[in-house]
Structures are given as C-alpha cells and as structure tokens.
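Before any comments, here is the structure.
Note that this is a predicted model, so its numbers are computed, not measured. Just so you know, these numbers use all the heavy atoms, side chains as well, and skip hydrogens, waters and symmetry mates.
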Protein chains: 2
Amino acid sequence: MNDAPTRTPAPAAPTRREQILREAARLFAERGFHGVGVDEIGAAVGISGPGLYRHFAGKDAMLAELLIGISERLFAGGQRRVIDATSTGGGPAAVLGSLIDGHIDFALDDRALITLHDRELGQLRDSDRKQVRSLQRQYVELWVDVVGRLHPGSGEAEVRAAVHAVFGLLNSTPHLGRPGALPGRTATAALLRRLAHGAFASLSDGAPAGPAGPSVKPSAG
Amino acid sequence: MNDAPTRTPAPAAPTRREQILREAARLFAERGFHGVGVDEIGAAVGISGPGLYRHFAGKDAMLAELLIGISERLFAGGQRRVIDATSTGGGPAAVLGSLIDGHIDFALDDRALITLHDRELGQLRDSDRKQVRSLQRQYVELWVDVVGRLHPGSGEAEVRAAVHAVFGLLNSTPHLGRPGALPGRTATAALLRRLAHGAFASLSDGAPAGPAGPSVKPSAG
DNA sequence: CCTTCAGGTTAACGACCACTAACGCCGCTG
DNA sequence: CAGCGGCGTTAGTGGTCGTTAACCTGAAGG
C-alpha cells in the first residue's frame, strides 16, 4: 500500500524523507498535528505544499511513521540495554541505570518526538495506534520487570505507576528548553539521572510518605 | 449551591458556563483543541453548536478561560500554602511538603486541566498567553525558593530544572488512568508524594549521579 | 396583554485545508 | 536523440469548521 522501499531501506536513508520527518516532528510538537498545514511542512524543507505527496501518502502517514519509529527505537534500545547490562554481569541496579541513561539520551536528543509521543497518539488510525501502544507497553514492561526486582516490597501496580511517573520526570526536558537553562547537556543528563534514581529509591525507603508533618488542609479553593 | 439568589449578575455564574467549561476541558484533553468541533462541545452539554455563543465569545475564549483559570488557581493555592505553612512555624521542608500535596491534589482532581496546561498554550492569543506564562512563572518561583532553601548546595538553574522535572512526575497522572491502576486515590497520592520527595532528596544526597557503576556505554541509538 | 430578554434553534457563509490533476524539468539509460 | 521516471510546480476541488444571521420560545414584570 505504501511506497515501496525505493532503495536500501535501513542504513543511510538519504535526505528528503528524513528531512521532512524531522521538520514535521518539530512543527507538530510546536503547534500540534492539526495546527500545522502541509504547506508549512513543505516550506520548512524548501518545497511547497503538495510536493510532500511524492514522499508520503498523506499527513497522517507522516505522523504514523514518526510515532511508530519512536516507539520502535525506544523499545529496541531498551531491550538492547537490558540484554547488554545483564550479559555483562550487572544486577537489576545496573540494568535500571542503563535504562535510565538510555531514556535520558533519547529525551535530550529528540525532544520533539518525546512531545509527540504522548500528545498525538489519538490522531492515528486504529491499526497504527494499536501498534504504537503495543510497543509502548513492551517498553514499560522492561522497566517494570527490573524495578520490581529491585523493590520486591512494592506491588506491581505501584511499580507500574512509579515507572510512568518517572517517565513524566524524564520527559520534562521540553519544558526546560529555556534560554539560560542548565549549563549543558551533560549537566542536564546528570541531574535527571539523580532525580530518577532518587525517585525510585523512595520506593524502598524506610522514610514514610509525608515528612511534612502537620501540613495544610486544602479544602476550599 | 443555591445560596445565591438568581438575580446576582456577575459573581456566581450558575451552571451552564461551568458545565460547558468542564466538558470542553475534557474534550480538549482527549482530542486536542483543534480536534474538537464546537458542535461536539455543544452536544456534550445538551445544546447544539452555535448555542455556545450565548455564553462564550468563541472557541478560543473557552480555552483561554480554562488555561487562565488553572494557572490562577495553581498559583493562588501555592501561595496560600506557603503562607500557611510558614505562619504555623514550618520550615522549608514543611512548606515543600505542602506544595507537593497541593499539586498532587490538583493533578488528581483535574487531570484534564493538567493536560491542557502544557499542551494548548500555543493556541492562545498573545495577551492571554503572556498572562498564563506569568502565573506559571510565579508558581514555579514559589517552588524554586523553598527547594533552593532546602538544598543550598545546588545552583538556581539546577533547582529550577529539578522543579520542572518533578512537575512532570506529578503531572503524569493522566497516563496512569488505566483500568486496574492503583487501588485508589489515596494510594496514588501517597506514591506520588514519596516519589517527589525522593527526587528532591537526591539533590543533596552524598550519592553520586550514577550508582550503576560500570553501566553500558550507549554510543549510538 | 404586551414587552423584554435570556437562551435556544436552523440555515448559510467564508475561510481554511488536505488532497488531486495536470503539467514541467532534468538526469539517466539505451 | 528518445524516452522515462523521480521530483517539483500551480490550479482546483471537496469537505470541514468557526462564526454569524435570523428566527423562536417561555418566563418575568409592569
């Protein structure tokens, strides 16, 4: 149905398709899928409007390829890291550390895709959405497995929720893109790493949930 | 609810406006601002299409009122909690605990608004967007102040980034709305509280960033 | 009873937008 | 040179959607 692989499919897909995908991702992340017209996408790569249809079946196809690609890369990378860290004799702590590092790399390198990942899923056709969700679920499972092994005292539902919460933490990178943010990529990565490890560490802490003691009852707004 | 006589003009707008706003928030969060038509919003409250224009100047006005309302409530609530916790003799730890609890309440009670908060900001008119951003900045400042006081060893940029990251963590609630998630609201709140405190605690930990030791060098993705 | 007004209704309009049609240019290959 | 296929162009088309116009209804109020 879709355009056949014109050339070598995998290694060095040349220029235009990737260029279009990158700009489309950026624009979709900035203004939302429905907020961007095909003319804008075309203009962003130097061609105009319907010229895009020589490379993609439609606007939906671009989004689908983006979201499926993200999910695949996330899951494949996570899987690889689990295998590598395990095969080199690392325990669950090492595996989790590698997963965190990998996710941070992804979040820092592909902010636009991170944004799209959980924003425009509803715009996909049913089949594509199912595929993305399946990949997401498998990726989450990698984390739940290792976190559950690290914190046997926590129930699976709790671990799963914690994993999602830490995803939210790591995926916050688009919000800190301000001007004079952190010194650099390395510092940001280090900070996120510490925060993520700190969050997970609280699962087995002896410390209770609320150290604030009295706290202020909210009641009325 | 019926305490106010129906003739009071301005202050207590009765039911319809609020009803429309609630449904609009839900729909916008589900399918995005541009993904929802006015007919759908109208249908959700039992009227059809252009009837909404008796209550709002337009679709944009609904979104603006939603986003400004969220930001105002967030900031006002945070401010109140800082004052209350401080006046009752609480130190920075107590203040931070109260801020966290308040944000969790908000995240659990108004998932749709949390989603809109950082998703549809770009759709606002310039003046409205400025107002929302200003309120957001002031809210962040509340957190940065207290977290900075709790962790004097961290630079301001680092603290700011950590605050944003913890916001991402706490705002992850829309992603755990699955079927058999956590037992209940209380358990979810307790978990989020622990995770947030754990993340902040890592700022002053003696523990270095990467406890995984050797870890797997990622290089290419 | 007649007026007024808030809160609806349906019909229509205008803008926008994804997509298609028809055509042009250019570097191949034979 | 002929022809062809990849890649781009502009003009047009159908559909959707926000918004407005014109009209209706029912309750309050003198």
Side-chain angles (χ1 to χ4, degrees), chain A residues 1-9 12-25 27-28 30-67 116 120 122-125 128, chain B residues 2 4-25 27-28 30-67 116 120 122-125 128:
Chain A
M1 44 172 70
N2 48 9
D3 47 322
T6 52
R7 297 287 165 182
T8 48
T15 50
R16 258 299 146 76
R17 267 185 81 92
E18 288 184 344
Q19 196 182 357
I20 293 170
L21 284 176
R22 170 159 36 243
E23 294 302 313
L27 290 168
F28 290 161
E30 275 176 12
R31 302 209 287 283
F33 179 69
H34 291 295
V36 180
V38 290
D39 290 359
E40 291 177 87
I41 303 174
V45 300
I47 72 182
S48 215
L52 296 170
Y53 289 78
R54 299 284 168 201
H55 304 275
F56 293 93
K59 213 176 117 181
D60 303 334
M62 300 183 211
L63 183 66
E65 190 156 329
L66 282 172
L67 293 189
L116 293 182
E120 310 289 357
Q123 316 296 341
L124 262 53
R125 296 207 324 272
D128 293 330
Chain B
N2 52 2
T6 52
R7 65 178 58 190
T8 48
T15 48
R16 255 300 146 76
R17 269 184 80 91
E18 290 183 343
Q19 195 183 358
I20 293 170
L21 283 176
R22 169 159 36 246
E23 293 303 314
L27 289 168
F28 289 162
E30 274 176 12
R31 304 209 285 284
F33 179 69
H34 291 293
V36 179
V38 290
D39 291 358
E40 290 178 87
I41 304 174
V45 299
I47 73 182
S48 213
L52 296 170
Y53 287 78
R54 299 285 168 200
H55 305 273
F56 293 93
K59 210 176 119 182
D60 302 336
M62 301 183 210
L63 183 66
E65 192 156 327
L66 282 172
L67 292 190
L116 293 182
E120 309 288 357
Q123 317 296 341
L124 260 53
R125 297 207 324 272
D128 293 330

- prompt: Taking atom types as they are modelled, is there a donor-acceptor pair under 3.5 Å from the base of dG6(D) to the side chain of R54(A)?
  reply: no
message: Base, sugar-phosphate or nothing for G37(B)? Non-hydrogen atoms, less than 4.0 Å.
response: sugar-phosphate
task: Classify the nucleic acid contact of V36(A) as base, sugar-phosphate or nothing, counting any heavy atom under 4.0 Å across all strands shown.
output: sugar-phosphate
Between [atom2] of [N] and [atom1] of [X], the distance in whole Å:
{"X": "I47(B)", "N": "dC24(D)", "atom1": "CD1", "atom2": "C1'", "value": "16 Å"}
{"X": "H34(B)", "N": "dG18(D)", "atom1": "NE2", "atom2": "P", "value": "10 Å"}
{"X": "Y53(B)", "N": "dT10(C)", "atom1": "OH", "atom2": "C1'", "value": "15 Å"}
{"X": "Q123(A)", "N": "dC17(C)", "atom1": "CD", "atom2": "P", "value": "16 Å"}
{"X": "L52(A)", "N": "dC17(C)", "atom1": "CG", "atom2": "C1'", "value": "13 Å"}
{"X": "R16(A)", "N": "dT9(D)", "atom1": "CZ", "atom2": "C1'", "value": "13 Å"}
{"X": "I20(B)", "N": "dG7(C)", "atom1": "CD1", "atom2": "P", "value": "10 Å"}
{"X": "D39(A)", "N": "dT9(D)", "atom1": "CG", "atom2": "C1'", "value": "13 Å"}

query: Hey, are Q19(B) and R16(B) close enough side-chain-wise for a donor-acceptor pair under 3.5 Å?
result: yes
query: At under 4.0 Å, does any side-chain N or O of H55(B) touch on OP1 or OP2 of dG8(C)?
result: yes
query: What pairs with A43(B) under side-chain contact (heavy atoms from CB on, under 4.5 Å), at least two apart in sequence or on another chain?
result: none
field: Any residue of residues 56-67 of chain B with a heavy atom less than 4.0 Å from an atom of DNA chain C
entry: none
[X] versus [Y], closest heavy-atom pair with distance:
{"X": "A64(B)", "Y": "D128(B)", "answer": "CB-OD2, 3.6 Å"}
{"X": "G32(B)", "Y": "E120(B)", "answer": "CA-OE2, 3.4 Å"}
{"X": "I41(B)", "Y": "I20(B)", "answer": "CG2-CG2, 4.3 Å"}

Side-chain donor/acceptor pairs under 3.5 Å, residues 56-63 of chain B, sequence neighbours excluded:
unit_1: K59(B); atom_1: NZ; unit_2: F33(B); atom_2: O; d: 3.0
unit_1: K59(B); atom_1: NZ; unit_2: V36(B); atom_2: O; d: 2.9

query: Between atom CG of L67(B) and atom CG of L116(B), what is the distance when rounded to the nearest 0.5 Å?
result: 6.0 Å
statement: Of dT10(C), dT19(D), dT10(D), the nucleotide closest to the side chain of P50(A) is dT10(D)
